[in-house]
*Asks:* 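I'd like to ask some things about the structure below.
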Amino acid sequence: MTWMIGVDVGGTFTDFFAFDVASSTVRLHKLPSTPRNPAWAVIAGLQELNTRHGIDLSSITRLSHGTTVGTNALIQRRGGKVALVVTEGFRDLIEIGRQIRPRIFDLQADHPAPLVPRDLRFEAPERVTADGSVLRALDPAALDRVIRGIAAAKPDACAVCLLFSFVNPAHERAIGAALAAAFPEMYLSISSEVQPEFREYERLSTTVLNAYLQPVLARYLGDLADGVGKVAPNAVIGINQSSGGLMSIERARRFPIRTALSGPAAGAVGAIQTARLSGIPDVISLDMGGTSADVCLIRGYTAGTAFEKWIEGYPARLPAVDINAVGAGGGSVAWFDRDGLLKVGPQSVGAHPGPACYGRGGSEPTVTDANLVLGRLSPRGLLGGDMALDLDLAREAIRPLADRLGISIERTAHGIIGIVVANMVRAIRAVSVERGHDPRAFALLPFGGAGPLHANDVANSLGIRRCLVPLAPGILCAQGLIVSDLRETFVRTALTPLLPDRQSEIDDRVRQLIAESTVWFEAETIAEPQRKIDLVLDARYIGQNFELAVPMDTPHPLPSPDEIRRCFFAEHERAYGFHNPHDPVEIVNFRLVAVGRLKQPEERPAPPRTGGTLTKTRSRPVWFADDRAIDTPVYDRAELRAGDMIEGPAVIEQLDATTLLFPIDRATVDSHLNLSVELGP
């Protein structure tokens with residue numbers, strides 16, 4: 001047997017999806033995360049796959065991993081001590097930034113403190129102009145002074161970001177070489193390597209974020225590689241990127257900022273795979289876990305890509321799956337604001353101590369406690385009963401809220417669910433209605449441990465009439481990891497008007513990127529048949545401030561200016577509803593996405609039920625409304641077969657999630673064991 005393992009480390013649980021290539025056998029596993037060192041849960045989970053499921057760990061050929069270590073380091077501000085080298089006169093750029101801020105109407109919100117204090121910012125007397133020519137050469141004596149200052153500061157990492165280095169990186173490379181020679185143990189982030197694009201502040205911020213995370217991710221990835229090497233010596237480790245593709249562990253050490261959104265990106269990849277198997281090209285994915293809910297709009301089996309993200313208050317310029325996150329998870333806390341209104345989230349109790357019903361010392365009322373009180377979660381507990389839940393503790397946590405509101409505990413719990421659903425609906429509207437998409441034209445694809453539990457309420461609030469619940473919704477991020485390919489993005493900024501006499505310039509720049517991708521393919525030992533490259537051109541009307549990403553079908557043959565203009569007009573029409581064919585257009589960035597296709601699991605249709613009928617395992621009272629409970633049958637998801645149909649009300653339980661069918665819903669099991677739920681009127 002040859003196994004591929006996907007492992008996703010979340011804030012509450014660490015999930016495993018194991019797939020045997022030879023037999024298409026699937027094994028699922030889940031255990032609590034270990035926030036102190038997430039690698040511990042990964043290693044423990046692999047060992048439990050061996051003891052509980054009989055998987056020979058030496059037969060694991062690939063381990064694909066999504067991690068929240070980088071994001072958590074930014075949330076908790078526990079990255080490395082970073083020094084910064086900039087062009088003389090730009091020492092305070094990191095603090096000045098732009099007038100743009102994430103919450104522009106919040107006059108009380110403070111901008112987060114810069115990750116590099118002023119005494120750790122060093123100026124290099126040099127200057128490169130916008131066309132790449134050297135106006136002021138790098139002074140070796142001044143560089144020595146910078147190195148002496150950095151030596152006195154003793155930072156863990158150093159970021160280097162000079163003016164116009166994306167056009168001419170010579171000075172950055174010289175400084176990087178000098179720093180590497182002087183401080184061989186110090187981590188280095190060079191902006192022309194991290195993200196060689198224009199817009200100085202965003203490039204600077206991204207490079208600093210990368211340097212800040214390097215010490216943390218290097219330690220974590222070192223522990224992970226050592227631990228996996230001991231228990232699964234034949235496994236090749238791939239680290240998921242925010243763009244939805246894998247990279248080697250060595251590259252992840254160099255560019256940890258690319259892992260900042262790796263877990264949600266893996267979920268989007270898994271959602272696309274699920275939608276493809278069920279033949280539903282347009283879905284809105286809803287990944288609700290323990291601390292947050294991530295939503296993504298998928299059209300034609302394709303998720304959008306965003307190139308500018310705000311990560312914990314800091315701008316980052318890097319390709320990432322276009323996901324909107326909101327603080328709405330099973331661990332989200334219900335609380336009263338100063339206005340006397342009940343709120344839910346964004347605060348979360350996390351994995352430790354967790355919701356009150358976990359019995360680990362938590363006392364604050366959470367969404368999970370509310371679901372337990374309403375009978376939507378089994379009193380037997382989570383993980384197939386391995387993780388007990390205490391109903392009395394859940395009720396006691398919610399009781400103070402109910403007493404203050406003057407209503408029953410059950411009605412209060414129902415109100416908590418309604419508020420968290422409203423938070424998720426608002427996040428979905430941001431990626432659909434606010435961008436001109438009607439959510440009613442999409443199916444809702446809920447996953448994560450809590451997604452299928454709230455899918456009906458969310459869908460009905462948006463007018464969506466169909467939900468698609470994956471085979472393993474609580475482990476879909478881990479499943480998405482094993483269907484991900486190796487991916488690398490190469491980009492160059494070069495303002496190029498789309499004129500016939502610029503064809504040679506366009507050709508030269510695309511060929512340069514193709515050459516860089518070839519070097520990467522060779523370094524990653526990707527054979528020719530497994531190679532794929534996609535060309536994306538960031539273009540705009542001359543005079544516009546921002547550009548649109550315009551995907552080209554293929555860089556072979558090289559596109560002409562007229563062809564690029566046609567594609568740009570179509571993209572502008574799609575994004576804004578109009579285009580002007582007479583205004584001049586220019587390319588801003590040339591972007592090449594190189595994909596190394598990895599061996600993918602073969603998804604085989606499941607056989608239908610051959611004998612007998614599906615029967616409920618038990619029943620229990622469930623509150624679908626706030627006035628009364630209904631005795632509701634409970635089904636075991638593992639007993640479902642292709643073609644089975646369940647009429648609501650019903651609760652469908654499995655190891656990693658619980659799916660709730662309201663009284664007028666109907667669920668059908670498709671040929672790949674996904675649940676297609678038709679919602680009642």
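FYI, the numbering just counts along the sequence from 1.
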*Asks:* Are any non-hydrogen side-chain atoms of Glu48 and Phe16 less than 4.5 angstrom apart?
*Replies:* no
*Asks:* Minimum heavy-atom separation for Asp56 to Ser59, with atom names?
*Replies:*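 Looking at all heavy atoms of both residues, the closest pair is O-OG, 2.5 Å.
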*Asks:* Determine, step by step, whether Tyr358 and Leu389 satisfy the side chain to side chain contact (heavy atoms under 4.5 Å, CB included) criterion, reporting the C-alpha distance in whole Å, the side-chain angles of both residues, the deciding distance to 0.1 Å, and the verdict.
*Replies:* CA-CA 5 Å; Tyr358 281 14; Leu389 299 179; 3.6 Å; yes
*Asks:* Do the non-hydrogen side-chain atoms of Asn456 and Cys467 ever get within less than 4.5 Å of each other?
*Replies:* no
*Asks:* Could you give the distance from CZ (Arg637) to CG (Leu655), rounded to the nearest 0.5 Å?
*Replies:*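 Those atoms lie 12.0 Å apart.
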*Asks:* Once you round to the nearest 0.5 Å, how far does CD1 of Ile5 lie from NE2 of His65?
*Replies:*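 Between atom CD1 of Ile5 and atom NE2 of His65 there are 13.5 Å.
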*Asks:* What's the separation between atom CD1 in Ile298 and atom CD1 in Ile272, rounded to the nearest 0.5 Å?
*Replies:* 4.5 Å
*Asks:* Can you find a pair of side-chain heavy atoms, one from Thr658 and one from Leu377, that are under 4.5 Å apart?
*Replies:*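 In short, these two side chains touch, coming nearer than 4.5 Å.
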*Asks:* Grab the two heavy atoms, one from Gly263 and one from Asp8, that are nearest each other, plus how far apart they are.
*Replies:*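 Taking every non-hydrogen atom into account, CA-OD1, 3.6 Å.
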*Asks:* Looking at Arg618, I'd like to know if its CZ atom is crowded, meaning that more than 12 non-hydrogen atoms belonging to other residues, nucleotides or ligands lie closer than 6.0 Å.
*Replies:* yes
*Asks:* Between SG of Cys357 and CG of Asp392, what distance do you get to the nearest 0.5 Å?
*Replies:*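 Going from SG on Cys357 over to CG on Asp392, the span is 11.5 Å.
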*Asks:* I'd like to check the ring pair (Phe, Tyr, Trp, His ring centres under 6.0 Å) partners of Phe624; sequence neighbours left out, ordered by chain and number.
*Replies:* Phe662
*Asks:* Is the number of heavy atoms from other residues, nucleotides or ligands within 6.0 Å of CD (Gln273) greater than 12?
*Replies:*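 Atom CD in Gln273 is packed in, count exceeds 12.
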*Asks:* For Ile284 and Leu286, what are the C-alpha separation, side-chain angles and deciding distance, and is it a side chain to side chain contact (heavy atoms under 4.5 Å, CB included)?
*Replies:* CA-CA 7 Å; Ile284 297 174; Leu286 170 64; 5.9 Å; no
*Asks:* So does Val344 get a backbone contact from the side chain of Asn423, meaning a donor-acceptor N/O pair under 3.5 Å?
*Replies:* yes
*Asks:* With the side chain counted from C-beta on, respond yes when Leu28 and Phe17 share a heavy-atom pair under 4.5 Å apart, and no when they do not.
*Replies:*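 Yes, at least one pair of side-chain atoms sits under 4.5 Å.
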*Asks:* Check whether Arg62 reaches the backbone of Ile482 with its side chain - one donor and one acceptor, N or O, closer than 3.5 Å.
*Replies:* yes
*Asks:* Are the charged groups of Lys616 and Asp631 less than 4.0 angstrom apart, N to O?
*Replies:* no
*Asks:* Using the ring pair (Phe, Tyr, Trp, His ring centres under 6.0 Å) criterion, which residues pair with His53? Sequence neighbours excluded.
*Replies:* His29
*Asks:* First locate atom OG of Ser676, then atom CD1 of Ile280, and finally report the distance between them rounded to the nearest 0.5 Å.
*Replies:*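 Interatomic distance, Ser676 OG to Ile280 CD1, rounded to 0.5 Å: 5.5 Å.
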*Asks:* Please check if the side chain of Ser243 supplies one atom and the backbone of Gln241 the other of a donor-acceptor pair under 3.5 Å.
*Replies:*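 Not at all, since once roles are kept as given, no pair shorter than 3.5 Å links the two residues.
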*Asks:* Does Val9 offer a backbone N or O that forms a donor-acceptor pair with the side chain of Thr14 under 3.5 Å?
*Replies:* no
*Asks:* Ion pair present between Asp282 and Arg299, side-chain N to carboxylate O less than 4.0 angstrom?
*Replies:*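 No, Asp282 and Arg299 are not salt-bridged.
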*Asks:* Students often mix this up, so state it plainly: with edges at 30° and 60°, are the rings of His437 and Phe442 parallel, tilted or perpendicular?
*Replies:*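 Aromatic pair His437/Phe442 classed perpendicular.
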*Asks:* Main chain of Gly66, side chain of Ser262: is a donor-acceptor contact present, judged purely on distance under 3.5 Å?
*Replies:*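 Judged by distance alone, no pair lies under 3.5 Å.
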*Asks:* Compare all side-chain heavy atoms of Ile43 with those of Val228 and state whether any distance is below 4.5 angstrom.
*Replies:* yes
*Asks:* Does some side-chain heavy atom of Leu640 sit less than 4.5 Å from a side-chain heavy atom of Ile646?
*Replies:* yes
*Asks:* Answer yes or no: is there a donor N or O on one side and an acceptor on the other, between the side chain of Asp287 and the main chain of Ala293, under 3.5 Å?
*Replies:*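 No; zero donor-acceptor contacts below 3.5 Å.
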*Asks:* Could you give me the CA-CA distance, side-chain angles and deciding distance for Glu410 and Arg628, then say whether salt bridge (charged side-chain N to carboxylate O under 4.0 Å, His left out) is met?
*Replies:* CA-CA 9 Å; Glu410 289 80 10; Arg628 66 188 180 92; over 6 Å; no
*Asks:* Should the pair Glu678-Arg466 be classified as a salt bridge under the 4.0 Å nitrogen-to-oxygen rule?
*Replies:*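 A salt bridge is present here (some side-chain N lies under 4.0 Å from a carboxylate O).
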*Asks:* Checking side-chain polar atoms at under 3.5 Å, does Asn371 have a donor or acceptor matched by the opposite partner on Thr368?
*Replies:*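 Their side chains do not contain a donor-acceptor pair, so the 3.5 Å distance test is not met.
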*Asks:* Measure the shortest side-chain to side-chain distance between Asp644 and Glu639 over non-hydrogen atoms and say whether it is less than 4.5 angstrom.
*Replies:* no
*Asks:* Over all heavy atoms of both residues, which pair between Ala629 and Pro621 is shortest? Give the atoms and the distance, please.
*Replies:* CB-CB, 4.0 Å
*Asks:* Which heavy atom of Val431 sits nearest a heavy atom of Leu297, and at what distance?
*Replies:* O-CD1, 3.3 Å
*Asks:* Apply side chain to side chain contact (heavy atoms under 4.5 Å, CB included) to the pair Arg429 and Arg426, showing each step before the final yes or no.
*Replies:* CA-CA 5 Å; Arg429 286 185 180 276; Arg426 188 165 58 250; 5.7 Å; no
*Asks:* So, does Trp623 use its side chain to make a donor-acceptor pair with the main chain of Ile630 at under 3.5 Å?
*Replies:* no
*Asks:* Out of curiosity, Leu614 CG to Tyr635 OH, how far, rounded to the nearest 0.5 Å?
*Replies:*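 Here the rounded value is 6.0 Å.
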*Asks:* For the side chain of Asp457 and the backbone of His454, is there at least one donor-acceptor N/O pair under 3.5 Å apart?
*Replies:*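 Not confirmed, Asp457 side chain does not pair with His454 backbone.
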*Asks:* Any side-chain heavy atom of Val669 sitting closer than 4.5 Å to one from Arg641?
*Replies:* no
*Asks:* How close do Ala642 and Ala606 get, heavy atom to heavy atom, and via which atoms?
*Replies:*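 Closest heavy-atom pair between Ala642 and Ala606: CB-O, 3.8 Å.
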*Asks:* Asp369 vs Thr366, test: side-chain hydrogen bond (donor to acceptor under 3.5 Å, both in side chains). Steps then yes/no.
*Replies:* CA-CA 5 Å; Asp369 295 312; Thr366 67; 2.9 Å; yes
*Asks:* Do Ser278 and Asn674 pass the side-chain hydrogen bond (donor to acceptor under 3.5 Å, both in side chains) test, and can you show the C-alpha distance, the side-chain angles, and the key distance before you say yes or no?
*Replies:* CA-CA 7 Å; Ser278 296; Asn674 300 315; 3.0 Å; yes
*Asks:* What's the verdict on side chain to side chain contact (heavy atoms under 4.5 Å, CB included) for Val420 and Met288, showing C-alpha distance, side-chain angles and the deciding distance?
*Replies:* CA-CA 11 Å; Val420 79; Met288 185 180 182; 4.2 Å; yes
*Asks:* A quick test of your reading: do over 12 heavy atoms of other residues, nucleotides or ligands sit less than 6.0 Å from CZ of Arg411?
*Replies:*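 Open: at most 12 neighbouring heavy atoms sit under 6.0 Å from CZ of Arg411.
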*Asks:* Taking the side chain from Ser242 and the backbone from Leu261, do they hold a donor-acceptor pair closer than 3.5 Å?
*Replies:*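 Yes, Ser242 side chain to Leu261 backbone: donor-acceptor pair under 3.5 Å.
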*Asks:* Ignoring hydrogens, what is the shortest heavy-atom contact between Ser33 and Ala41? Give both atom names and the distance.
*Replies:* CA-CB, 4.2 Å
*Asks:* Can you tell me if Arg620 uses its side chain to pair, donor with acceptor, with the backbone of Gly375 under 3.5 Å?
*Replies:* yes
